[in-house]
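Here is the structure we will look at.
Labels below follow one simple rule: chain letters A, B, ... track the order of the sequence lines, proteins then strands, and each chain is numbered from 1. Everything quoted here is computed from the prediction, not taken from an experiment.
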There are 2 protein chains.
Amino acid sequence: MTVSLSSLRGDGDAFTDGCPTRVVLDHVTSKWGVLVLAALADGTLRWSELRRAVDGISEKMLASTLKTLERDGIVERVAHPVIPPHVDYSLTDRGRDLMEAMSPLLLWVAANADDIVPSG
Amino acid sequence: MTVSLSSLRGDGDAFTDGCPTRVVLDHVTSKWGVLVLAALADGTLRWSELRRAVDGISEKMLASTLKTLERDGIVERVAHPVIPPHVDYSLTDRGRDLMEAMSPLLLWVAANADDIVPSG
DNA sequence: CCGGATCCTAGAAGATACTG
DNA sequence: CAGTATCTTCTAGGATCCGG
């Protein structure tokens, strides 16, 4: 029985509608959130690098995903006042902590995806 | 620097649009998927118990979430041919393996949610 | 009690064009 | 280069009714 997930139950937990846990869980496990975080796990990237790293993301989604993660204190945005603009994104300490917790999941998915989805 | 997530890059990885990794990641990190899986991590539950365990889920979403996870070989469905109907849901071996990989994330979210989302 | 089938809407997400 | 603004499209999700 792995780690005691039952400890999640009881008070303000993920099983209660509208609690902070649900909100953060949604941010962190959102379609693009996971991929952006995984891309930043390797280190600082700038906007255009992120766009290329996360294949298929639109500018709109990249912007809103980054904004949400920044508000949550998971991603840090550093804008350099130069022409042309140069903006760096990286994980905060909290973000790095999060990625340590999330990497087992990402590795599991990478290892099992081909068994689960037959051809495509 | 935690686990090497950069190993995820390269061939058929989560950063490539349309690959199996993306599909499985979406199933597993879906809004309700996470919560259903977490509920089942404690053991077998029947339909009505799941509905109560995952606060706020609609019957439609519970049905479709379970069906997706069942197709992926993560959740097992056992229907007992009695009146009134009795259907049990539980994790498969693969599902338990998945939950071992996911529990650090869930614990992190539970531990950090209140810091991230101020009041609600 | 356990869902399937149907209808419908809000918000997610894509495409494109434009600006400091 | 790094976004914002706008418009459209799409689908996750909710509500309801029904059937085994």
Report which part of the nucleic acid [X] touches: base, sugar-phosphate, or nothing (heavy-atom distance under 4.0 Å, all strands).
{"X": "K60(A)", "value": "base"}
{"X": "P85(B)", "value": "base"}
{"X": "R51(A)", "value": "nothing"}

What's the [atom1]-[atom2] distance between [X] and [N], to the nearest Å?
{"X": "R77(A)", "N": "dT4(D)", "atom1": "CZ", "atom2": "C1'", "answer": "12 Å"}
{"X": "L45(A)", "N": "dC1(D)", "atom1": "CG", "atom2": "P", "answer": "15 Å"}
{"X": "L50(A)", "N": "dA2(D)", "atom1": "CG", "atom2": "P", "answer": "10 Å"}
{"X": "M61(B)", "N": "dG14(D)", "atom1": "CE", "atom2": "P", "answer": "7 Å"}
{"X": "L62(B)", "N": "dG14(D)", "atom1": "CG", "atom2": "C1'", "answer": "14 Å"}
{"X": "W47(A)", "N": "dG3(D)", "atom1": "CH2", "atom2": "P", "answer": "5 Å"}
{"X": "D88(A)", "N": "dA2(D)", "atom1": "CG", "atom2": "P", "answer": "8 Å"}
{"X": "L66(B)", "N": "dG13(D)", "atom1": "CG", "atom2": "P", "answer": "14 Å"}

Approximate separation, where rounding is to 0.5 Å, of [X] [atom1] and [Y] [atom2]:
{"X": "S64(A)", "Y": "I57(A)", "atom1": "OG", "atom2": "CD1", "answer": "8.0 Å"}
{"X": "W47(A)", "Y": "E59(A)", "atom1": "CH2", "atom2": "CD", "answer": "5.5 Å"}
{"X": "S30(A)", "Y": "L25(A)", "atom1": "OG", "atom2": "CG", "answer": "10.0 Å"}

Carboxylate-amine/guanidinium contact D97(B) R94(B), below 4.0 Å = no

Span of DNA chain C in contact with chain A (heavy atoms, under 4.0 Å) = dA13(C) to dG20(C)

Is there a side-chain contact between [X] and [Y], using heavy atoms and a 4.5 Å cut-off?
{"X": "T68(B)", "Y": "I74(B)", "value": "no"}
{"X": "E76(A)", "Y": "D88(A)", "value": "no"}
{"X": "L37(B)", "Y": "M99(B)", "value": "yes"}

